[in-house]
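Encoded as structure tokens, the structure appears first; notes follow it.
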Amino acid sequence: MGRAVQKDDCNFISLSSIHRESRNFVSRIIRDSGVNPSDCYQCGKCSAGCPVAFAMDYMPRQIIRMLQLGMIKEVLSSRTIWLCAGCAACYARCPHNVDLPRLMETLRMEARESGLVAEKKVRIFEDLFLRSVERYGRVFETGLIIGFNIKSGEFLKDVMLGPAMLTRGKISLLPHKIKDGGSVRRIFARARELEGEQR
Amino acid sequence: MSTEALARALGIELTEIPQWNCCGASAAHNTNHLLAQALPARNLALAEAENLDVAVPCAACYSRMKAVREAVRKSDLVRAKVSSVIEMDYHARNDVFSIVEIFAGTSTLQQIEAKVLKPLSGLKVACYYGCLLVRPPELAMDDQEDPQSLDRIIGSLGGTPLTWSGKVSCCGAGHSTTLLPVGFKMIGDILEAAEECGADCIACACPLCLLNLDMRQGDLSKRRKKSFKIPVFYFTELVGFALGISPKVLGFKKHFVDPLPLFKAKNYL
């Protein structure tokens, strides 16, 4: 028989105080995503079928559990929320219809705002992608990949594929701009303004 | 390319949406929910103004368009907000179809079957649907675990659609660019699943899935120390070929894994 567990052996967490602090955060998540973390009863089906689970630091199920427990910082600084590919295998199989991809999206936005982005490359790529759409109305793939390689420090990544993609007409050297580019730029401006207002 | 050629052959009139814009894909819906609705809504509104439904050749664009259409149909508030952001009225009266749905409809399928000149007999095809054509369920065009639309199309060409485990797996989309080892594992597992079930080739219905599965085989061969050489088609290429359209017109030269050796071995050429 081992010795009896002493009080000092354990790190005690006061769940009720964590809950109070995180209440605003969680209600904002519920408002923005339409997903309530307390709908989840931790069956784990999401995590069993997740195609990116092998690379995650927390299983999708654990992300929800951490939200239930108010562990905001751990959730926002996790790699998991950036690794989610949004394939919705979890949501399609969830017995309680918890829209995990939508929740992950909202958590990414929160992570951006709190400066806790764990996978900076994904954020860099998304920012450059949107900048390209804002500028041209469509994505200029060549510019996007060159910009991404420079910003992520992987200068030579996929360089060998460049000529092969060019000759196959998969990418072009110049952007395809749409004529009415102003209308797309105004969509970006107003969407930023209105989403900002909501916060 | 192959979609246009096939539509012409079947008398389906396709019109490119004038001045269409990019839907923003996951970059938009991971950044700003309203932007993610407004970008695809502009394209839909442009088509709606011409009284046209929209046929979408990409799984992600399809999903984003259908998502905003549903949201606008459900809520007047969303409709007003989206319309004001895009400076156009959008009522979500027009429909959104994936290109697969256009060709997998019963009458079109009969038309295809009647027009087959070069049956793909003996061709074992792993039909790959990926994620966003079949998930989430409320936006899906087919069953979420065992979809059949592409399988029916391949069957009508005389080919053999296979039952296999990678049908609705995710290729990782942009992960092959941003999170290399993660993306490569996802792509490699799908290719191996196709090989394990004895597939001669893969047929898919999304340009990004196509690029991931086709273009990364060289790199994956080095990573997994085995040779991947399985041709990957956008499904309209296979339909077009069976209908007698030339490989050149269908864009076979744009492939990274050349499909011609396979077709020669099968005596189709």
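Just so we're on the same page: letters track the sequence lines, and every chain starts at 1. Just so it is clear, the structure is predicted and the values come from calculations on it, not from any experiment.
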Are the side chains of [X] and [Y] in touch, meaning some heavy atoms are under 4.5 Å apart?
{"X": "B/T177", "Y": "A/K157", "result": "yes"}
{"X": "A/D158", "Y": "B/R216", "result": "yes"}
{"X": "A/D180", "Y": "B/N21", "result": "no"}
{"X": "A/T106", "Y": "B/H33", "result": "yes"}
{"X": "B/L180", "Y": "A/E154", "result": "no"}
{"X": "B/H175", "Y": "A/F125", "result": "no"}
{"X": "B/T178", "Y": "A/E119", "result": "no"}

Against chain A, work out which of [options] has the most heavy-atom pairs shorter than 4.5 Å and name it.
{"options": "B/A36, B/G130, B/C131, B/S63", "answer": "B/C131"}
{"options": "B/N30, B/L34, B/L39", "answer": "B/N30"}
{"options": "B/G218, B/S26, B/C170", "answer": "B/C170"}
{"options": "B/D219, B/V134, B/D189, B/L211", "answer": "B/L211"}
{"options": "B/M186, B/K253, B/K185", "answer": "B/K185"}

Leading residue by heavy atom contact count with chain B [cutoff under 4.5 Å; candidates [options]]:
{"options": "A/I124, A/L161, A/L107, A/V139", "answer": "A/L161"}
{"options": "A/K121, A/E105, A/E126", "answer": "A/E105"}
{"options": "A/R123, A/H176, A/R102", "answer": "A/R102"}

Please state whether the side chain, the backbone, both or neither of [X] comes within less than 4.5 Å of a heavy atom of chain A.
{"X": "B/A173", "value": "neither"}
{"X": "B/E145", "value": "side chain"}
{"X": "B/P137", "value": "side chain"}
{"X": "B/L35", "value": "both"}

Return the minimal non-hydrogen interatomic distance between [X] and [Y], and the atom names on each side.
{"X": "A/I187", "Y": "B/A38", "result": "CG2-CB, 3.6 Å"}
{"X": "A/A191", "Y": "B/N32", "result": "O-ND2, 3.3 Å"}
{"X": "A/F129", "Y": "B/G24", "result": "CE2-O, 3.6 Å"}
{"X": "A/S183", "Y": "B/R42", "result": "OG-NE, 3.2 Å"}

Quick one: which of A/I178, A/V133, A/V184, A/L130 gives a side chain to side chain contact (heavy atoms under 4.5 Å, CB included) with B/C22?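 Filter result, single survivor: A/V133.
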
Closer than 3.5 angstrom, by distance alone: can the side chain of [X] be matched with the main-chain N or O of [Y] as a donor-acceptor pair?
{"X": "A/R168", "Y": "B/H255", "result": "yes"}
{"X": "B/Q144", "Y": "A/A92", "result": "yes"}
{"X": "A/R138", "Y": "B/W20", "result": "yes"}

Which atoms of [X] come close to chain B, meaning under 4.5 Å heavy atom to heavy atom: side chain ones, backbone ones, both, or neither?
{"X": "A/V122", "value": "both"}
{"X": "A/Y136", "value": "neither"}
{"X": "A/I145", "value": "side chain"}
{"X": "A/A89", "value": "both"}

CD (B/Q148) with more than 12 external heavy atoms under 6.0 Å: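 More than 12 within 6.0 Å, yes.
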
Would you compute the distance between atom [atom1] of [X] and atom [atom2] of [Y] and round it to the nearest 0.5 angstrom?
{"X": "B/K81", "Y": "A/E195", "atom1": "NZ", "atom2": "CD", "answer": "6.0 Å"}
{"X": "A/K170", "Y": "B/M215", "atom1": "NZ", "atom2": "CE", "answer": "8.5 Å"}
{"X": "A/K177", "Y": "B/Q19", "atom1": "NZ", "atom2": "CD", "answer": "12.5 Å"}
{"X": "B/I86", "Y": "A/R186", "atom1": "CD1", "atom2": "CZ", "answer": "12.0 Å"}

In sequence, state the C-alpha distance, the side-chain angles, and the governing distance for B/L179 and A/V52, and then conclude on side chain to side chain contact (heavy atoms under 4.5 Å, CB included). CA-CA 11 Å; B/L179 302 161; A/V52 211; over 6 Å; no

